[in-house]
Trainee: 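Can you read through this structure? Questions will come right after.
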Amino acid sequence: MTAAVCSAVERVEVVLDASAGMWESLGDGPPNFAAVREALQDYAAASVQRQGRPEVALRIVGGGIPLVDGDWCDDTRLAVPFGLIDPRMIREGLEDLVPSGGRPLVRGLNDAIDDLAEAEDRRIVIITSGSDQCRGDIIETIKNLVEKKPPIEVRIIGLGLDRALANAATMLAPTRNLFEYTAMADALEWALQPADTRPPVARHVEFQISLGPTPLNSSAIEFSDASGSERAYSAVEGGRARVQLSPGRYRARIQRDDRGEIELSGLVVEGADQVVEIALADVPPVTLEVEPDSPLAGSVVHIAYWGAPAGATWIALAAPGSAAGEFVVRTRADGSRGGVALDLPGAASELEARCLFEPRPGVFQLLGSLLFDTRYPQASIQSEERIENGTPITISWSGPGLSGDHITIAEKGADDTDYSVCLPARGEIGTFTTTAPADAGDYVIFYRSGLGKILARQSLEVFEVLATLDGPATAAPATILEFAWTGPDAAQDFLSIATPGSPEDTYVSWAPTADGNPARLQSPPDPGSYEVRYIRSIDGTALARSGLEIAAVEIELSAPKPVRAGTRFQVSWNGTAHSGDFLAVAKIGSSTADSLDFAFAATGSPSTLAAPFEPGDYEVRYVSGSNLAILDAAPLKVR
């Protein structure tokens with residue numbers, strides 16, 4: 001490391017996003033991670049013989065921990081240490097790359113700073129499809145990078161970044177935001193290679209090609225680089241082909257007179273007088289069969305094969321039209337015939353199942369292929385649309401129930417991995433109860449695939465209860481009621497009883513919260529519908545309301561005992577008294593106007609009356625003050 005610093009060799013660390021978001025595609029290209037993987041390998045092969053080339057390291061951010069499996073905010077690793085670029089190490093560092101989890105980009109950049117601590121001439125190249133997903137401020141982090149002493153040069157390759165992020169990044173560091181995967185190679189050249197690097201010189205390379213144990217004869221071979229701009233042709237006689245090529249990574253097509261075309265990829269040309277030996281498989285085209293024939297995106301596809309050769313043979317999925325060795329996912333074939341299961345990308349697309357033979361590391365011969373389509377799975381979510389914060393919420397779903405499928409609750413407009421709830425969706429249908437978010441606001445419930453693809457969504461409003469009331473829902477008129485309450489209990493807050501729809505500052509009765517809990521309130525004297533309110537004094541807002549019904553109580557008199565003539569006696573009664581109501585002593589059958597004595601009901605029960613002076617049978621009456629109707633009567637014996 002010290003020698004590199006003293007000789008002023010530039011060090012470049014590539015920080016590569018491998019989060020689940022890298023399954024997305026630019027235009028109609030392959031998934032972003034597959035396109036970047038191929039472009040990096042092409043760049044590495046083309047840079048081998050260049051003068052003034054930097055030392056390059058590769059750091060992966062994400063890709064090691066799925067979204068639903070623990071904390072992925074520390075998921076970053078140095079896949080390729082610093083050194084002059086080596087196509088083999090780049091290939092090995094990338095070949096097992098399968099995106100998953102979130103994007104701890106700030107953590108990856110901070111680790112890259114540590115990796116570059118002893119370098120003087122240093123650069124960080126960021127390749128990402130989005131911003132940090134662990135609440136890190138990526139813009140502030142880039143700003144700190146470019147202001148460091150000594151400085152760290154930063155170049156950014158965005159893969160379909162949103163406009164706001166791309167604009168903010170461009171203000172701090174040179175940025176190319178790509179929307180077509182075909183621009184990837186040019187962007188890498190711009191980001192990784194010093195401007196004064198001299199172009200590579202074409203060299204003579206000899207290929208020794210055999211088909212099985214026999215040298216290939218009477219054939220022609222055509223070479224092309226990834227861009228298709230450099231091409232070369234040669235005859236193949238006695239198993240040999242000699243051609244002039246610049247350092248780089250090439251595809252090849254071998255035309256034979258007696259049989260069909262052979263397609264190769266991954267041929268690396270490093271320098272002059274290089275001899276590349278390739279022992280091709282000599283087998284008929286391998287037969288492939290896909291089950292089901294139109295599988296669900298994000299599910300597992302089963303591929304059966306027949307006629308595979310012995311040795312390093314792979315079954316892979318790739319984008320149609322891509323180079324033979326390009327792949328999205330792959331696995332080893334076991335034997336000449338068999339079957340494998342491969343995970344499908346989360347986006348519906350056209351794919352190609354391939355059988356690949358690897359005659360030498362990184363070189364692939366296409367032995368057979370089969371096109372098929374994937375389709376989006378269907379899913380649905382059912383739950384409450386409005387709920388109090390921090391209370392239980394029940395969510396039901398139906399969906400594919402694939403490995404990694406999960407239900408999340410996220411604030412509306414938040415980043416894909418910024419959620420308050422994340423639970424696995426196991427099975428094709430299911431229900432679980434969880435806790436609603438603690439903060440009030442607008443949220444969305446998502447059904448997501450294991451790769452983060454949204455399959456269903458439902459809006460959710462979370463509201464906050466600032467006060468509560470707990471007391472009777474019905475009561476008699478003019479009685480004392482107790483209401484337990486919770487609330488801010490600020491100075492001059494109060495509880496009140498008012499008619500529904502009336503202004504908050506009008507009420508029938510009230511009690512300040514400072515008087516204690518529960519509060520004591522007198523019910524209205526008149527029957528009807530009312531509400532109890534918690535009123536916040538600072539702005540007069542009702543923070544809680546509770547309905548209250550005041551029901552009229554029928555009048556009932558208790559029959560008095562026999563009384564002595566001319567004496568005073570008491571009559572007990574209960575019920576709802578109205579204005580003007582009175583109790584009276586009268587002869588049985590007389591009109592309400594012929595009272596011998598009376599007392600207003602407003603004085604309360606019991607009421608005091610005078611007995612007539614003449615013994616006999618009489619009655620005590622309760623008379624309505626509004627219409628003089630007798631509401632109840634009881635016999636009275638006077639002796």
Side-chain angles (χ1 to χ4, degrees), residues 23 30-31 33-34 37-38 41 88 91-100 209-214 216 249 251-254 256 259-268 276-345 349-374 402-403:
W23 281 97
F33 79 93
R37 180 173 58 201
E38 291 301 312
Q41 292 184 83
R88 179 187 61 82
R91 173 174 54 81
E92 292 176 354
L94 293 170
E95 62 185 0
D96 294 327
L97 181 65
V98 178
S100 64
I209 307 171
S210 62
L211 191 59
T214 306
L216 191 64
R249 190 162 172 259
R251 306 179 184 185
R253 292 183 181 276
I254 300 174
R256 297 180 293 167
R259 300 171 95 174
E261 183 179 84
I262 298 175
E263 183 178 345
L264 302 174
S265 70
L267 298 167
V268 175
V276 180
E277 296 182 358
I278 306 173
L280 300 176
D282 185 17
V283 294
V286 173
T287 301
L288 297 168
E289 185 175 284
V290 172
E291 174 64 33
D293 56 3
S294 182
L296 294 177
S299 66
V300 174
V301 65
H302 297 273
I303 302 174
Y305 61 90
W306 294 268
T313 304
W314 301 86
I315 304 298
L317 298 179
S322 60
E326 292 185 24
F327 65 93
V328 176
V329 292
R330 69 180 185 183
T331 190
R332 290 275 191 175
D334 185 13
S336 64
R337 61 182 297 167
V340 300
L342 292 174
D343 293 329
L344 290 167
S349 60
E350 186 180 41
L351 290 171
E352 190 171 85
R354 294 175 172 175
C355 181
L356 304 171
F357 179 66
E358 191 173 14
R360 57 181 292 150
V363 176
F364 293 93
Q365 175 187 357
L366 181 62
L367 300 181
S369 63
L370 177 66
L371 289 172
F372 67 97
D373 292 317
T374 64
L402 303 173
S403 175

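When a residue number appears, it is its place in the shown sequence, counting from 1.
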Trainee: Can you confirm whether Leu371 sits close enough to Leu351 that some side-chain heavy atom of one is under 4.5 Å from a side-chain heavy atom of the other?
Mentor: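 No - every pair of side-chain heavy atoms lies 4.5 Å or more apart.
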
Trainee: For the residue pair Trp23 and Pro31, what are the closest heavy atoms and their distance?
Mentor: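 Taking every non-hydrogen atom into account, O-CB, 3.6 Å.
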
Trainee: If you take all heavy atoms of Arg251 and Ala323, which pair is closest and at what distance?
Mentor: NE-CB, 3.2 Å

Trainee: Do the side chains of Val329 and Leu344 get nearer than 4.5 Å, heavy atoms only?
Mentor: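 Result no, sub-4.5 Å side-chain heavy-atom pair not found.
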
Trainee: What are the two closest heavy atoms between Gly325 and Phe327, and how far apart are they?
Mentor: O-CD2, 3.4 Å

Trainee: If I compare all heavy atoms of Ala34 with all of Pro30, which pair ends up nearest, and what's the gap?
Mentor: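 Reported closest heavy-atom pair: CB-CB, 4.3 Å.
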
Trainee: Just do the side chain to side chain contact (heavy atoms under 4.5 Å, CB included) check on Arg88 and Val268 with the steps written out, would you?
Mentor: CA-CA 10 Å; Arg88 179 187 61 82; Val268 175; over 6 Å; no

Trainee: Kindly compute the distance separating CD1 (Ile209) from OG1 (Thr214), expressed to the nearest 0.5 Å.
Mentor: 14.0 Å

Trainee: Should Leu280 and Ser210 count as side-chain neighbours, where that means a heavy-atom distance under 4.5 Å?
Mentor: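 Contact flag for Leu280/Ser210 side chains = no.
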
Trainee: Run the side-chain donor-acceptor check on residues 355-365: report pairs under 3.5 Å with partners two or more places apart or on a different chain.
Mentor:
| from | atom 1 | to | atom 2 | distance (Å) |
| --- | --- | --- | --- | --- |
| Glu358 | OE1 | Trp314 | NE1 | 2.9 |
| Glu358 | OE2 | Gly362 | N | 2.9 |
| Arg360 | NH1 | Glu277 | O | 3.1 |
| Gln365 | OE1 | Ala281 | N | 2.9 |
| Gln365 | NE2 | Ala281 | O | 3.2 |

Trainee: Counting distance only, does the side-chain N/O of Thr374 pair as donor-acceptor with the main-chain N or O of Ser349 below 3.5 Å?
Mentor: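 Pair found, side chain donor or acceptor close to backbone of Ser349.
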
Trainee: When rounded to the nearest 0.5 angstrom, what is the spacing between CG in Leu342 and CG in Leu317?
Mentor: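 Reported value, rounded in 0.5 Å steps: 4.5 Å.
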
Trainee: Answer yes when Arg354 and Glu326 have at least one side-chain N-carboxylate O distance shorter than 4.0 Å, and no when they do not.
Mentor: no

Trainee: Do Val98 and Val328 touch side chain to side chain, with heavy atoms closer than 4.5 Å?
Mentor: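 A side-chain contact is absent here, since even the closest heavy-atom pair is not under 4.5 Å.
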
Trainee: Please, which pairs that meet side-chain hydrogen bond (donor to acceptor under 3.5 Å, both in side chains) have at least one residue in residues 327-343, sequence neighbours excluded?
Mentor: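 Every side-chain hydrogen bond (donor to acceptor under 3.5 Å, both in side chains) pair that includes a residue of residues 327-343, provided the two are not neighbours, is Glu95-Arg330.
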
Trainee: Compile the donor-acceptor pairs under 3.5 Å between side chains in residues 284-297 and protein atoms, sequence neighbours left out, one pair per line.
Mentor:
none

Trainee: From Ile303 CD1 over to Leu370 CG, what is the distance, rounded to the nearest 0.5 angstrom?
Mentor: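 Going from the CD1 atom of Ile303 to the CG atom of Leu370 covers 8.5 Å.
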
